[in-house]
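The next block holds one structure in the form of structure tokens; read it before the comments.
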Amino acid sequence: MKPIYAHSFNLTPKEAVELQLKLKKNLIFDSDFNIEDVKLVAGADVSYSKKENMLYGVVVILTFPDLEVAEKAWVKGEAEFPYIPGLLAFREGPVLLEAFKKIEREPDIIFFDGHGISHPRGLGIASHLGVLLNKSSIGVAKKNLVGEVFELAKTKGATASILKDGKEIGKVLRTREKVKPIYVSVGHKIGLEKAVDLTLKTIGKYRILEPIRQAHIFSNEVRTSKS
DNA sequence: GCGACAG
DNA sequence: ATCTTGTCGC
């Protein structure tokens, strides 16, 4: 995969915020995305070596709806931007984009480990990289970042709104009965209902959806064995 | 000023 | 996220 847009990630936090506001204008919501046409889904994640200050970005391609791993790519790169809530894409984006360049198969959609538009300025890592790659994307986080989260039933598949300024910016989703929920928001080129629906369809036997789970496992493998 | 704060 | 041991629960 190749990004259609490119920009420097070598920015100050203030410049990064300004860029987010510009990139946000490229977001497309609720396009004619069809879950029935999905053949391949991607999961992207990053692991970090504190000792070496290195990031390991990985992309895993899974078949859909069978969820079998079909392709993997990884890239090691120096962590040049600090972790700042709201600016995660500037830390993890570079190494993930390099990993996407190595991927040969074209996924129909990408799941990112982090938020989409459920973000202080409406442009989390899933939205940001979705725009640069011109690809449908969904943000799936394990913790909330902004907005008010409502209670949800204990049953698998239960959802509740994440509201900010009176608007629904994402959904909390229970992926397994009585297990902590995950936080789903639109990244790019898809609507919230379909994003939640597709996320639920990528749940295997665990709390975390298979695309992200496999990416997480793989990123830890490359960090601990191939470094 | 204070508290919150994806990975 | 990483570092890091044992421990509680299905």
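The chains referred to below are lettered A, B, ... by the order of the sequence lines, with proteins before strands, and numbering in each begins at 1.
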Starting at atom CG of A/L87, determine the distance to atom C1' of B/dA6, rounded to an integer number of angstrom.
11 Å
How close or far is atom P of C/dT2 from atom CG of A/L88, stated in whole angstroms?
13 Å
Nucleotide C/dT2, atom C1' - distance to NZ of A/K51 in whole Å
13 Å
So what does A/G86 hit on the nucleic acid, given a heavy-atom distance under 4.0 Å: a base, only sugar-phosphate, or nothing?
base
Less than 4.0 angstrom from a charged side-chain N to a carboxylate O is my criterion; do A/K102 and A/E98 meet it?
no
Stepwise side chain to side chain contact (heavy atoms under 4.5 Å, CB included) check, A/V184 with A/I138:
CA-CA 7 Å; A/V184 181; A/I138 299 173; 3.8 Å; yes
What do you reckon, do A/Y83 and the base of B/dG7 stack, with centroid distance below 5.5 Å and planes below 30°?
yes
Any base atoms under 4.0 Å from A/L55, or only sugar-phosphate, or nothing? Heavy atoms, all strands.
nothing
Answer with yes or no after comparing the ring centroid distance for A/H128 and A/F90 against a 6.0 Å cut-off, counting only values under it.
yes
Proximity to the side chain of A/D113 - top-ranked nucleotide from B/dA6, C/dT2, B/dG7
B/dG7
Hey, does A/S47 reach any base, or is it just sugar-phosphate, or nothing, if we go heavy atoms under 4.0 Å?
sugar-phosphate
Measure the distance from NZ on A/K143 to C1' on B/dC5 and round it to the nearest whole Å.
9 Å
Looking for any heavy atom pair under 4.0 Å, which part of the strands does A/H128 touch: base, sugar-phosphate only, or nothing?
nothing
Below the 4.0 Å mark, does C/dA1 have OP1 or OP2 next to a side-chain nitrogen or oxygen of A/K142?
yes
Quick one: is B/dC5 close enough that its OP1 or OP2 comes under 4.0 Å of any side-chain N or O from A/H119?
no
A/R121 atom CZ is separated from B/dA6 atom C1', nearest whole Å, by 12 Å
Rounded to whole angstrom units, what separation is found between the CZ atom of A/R223 and the P atom of C/dA1?
10 Å
Can you tell me how far C1' of B/dA4 sits from CD of A/E148, to the nearest Å?
15 Å
Is the gap between the ring centers of A/F9 and A/H7 under 6.0 Å?
yes
Taking the side chain of A/N220 as heavy atoms from C-beta outward, which of B/dA6, B/dG7, C/dT2 is closest to it?
C/dT2
Out of C/dT2, B/dG7, B/dA6, whichever nucleotide has its closest atom nearest the side chain of A/E92:
B/dG7
Could you state the interatomic distance from NE2 (A/H115) to NZ (A/K142), rounded to the nearest 0.5 Å?
9.5 Å
I need the CG-P distance between A/N144 and B/dG3, as an integer number of Å.
20 Å
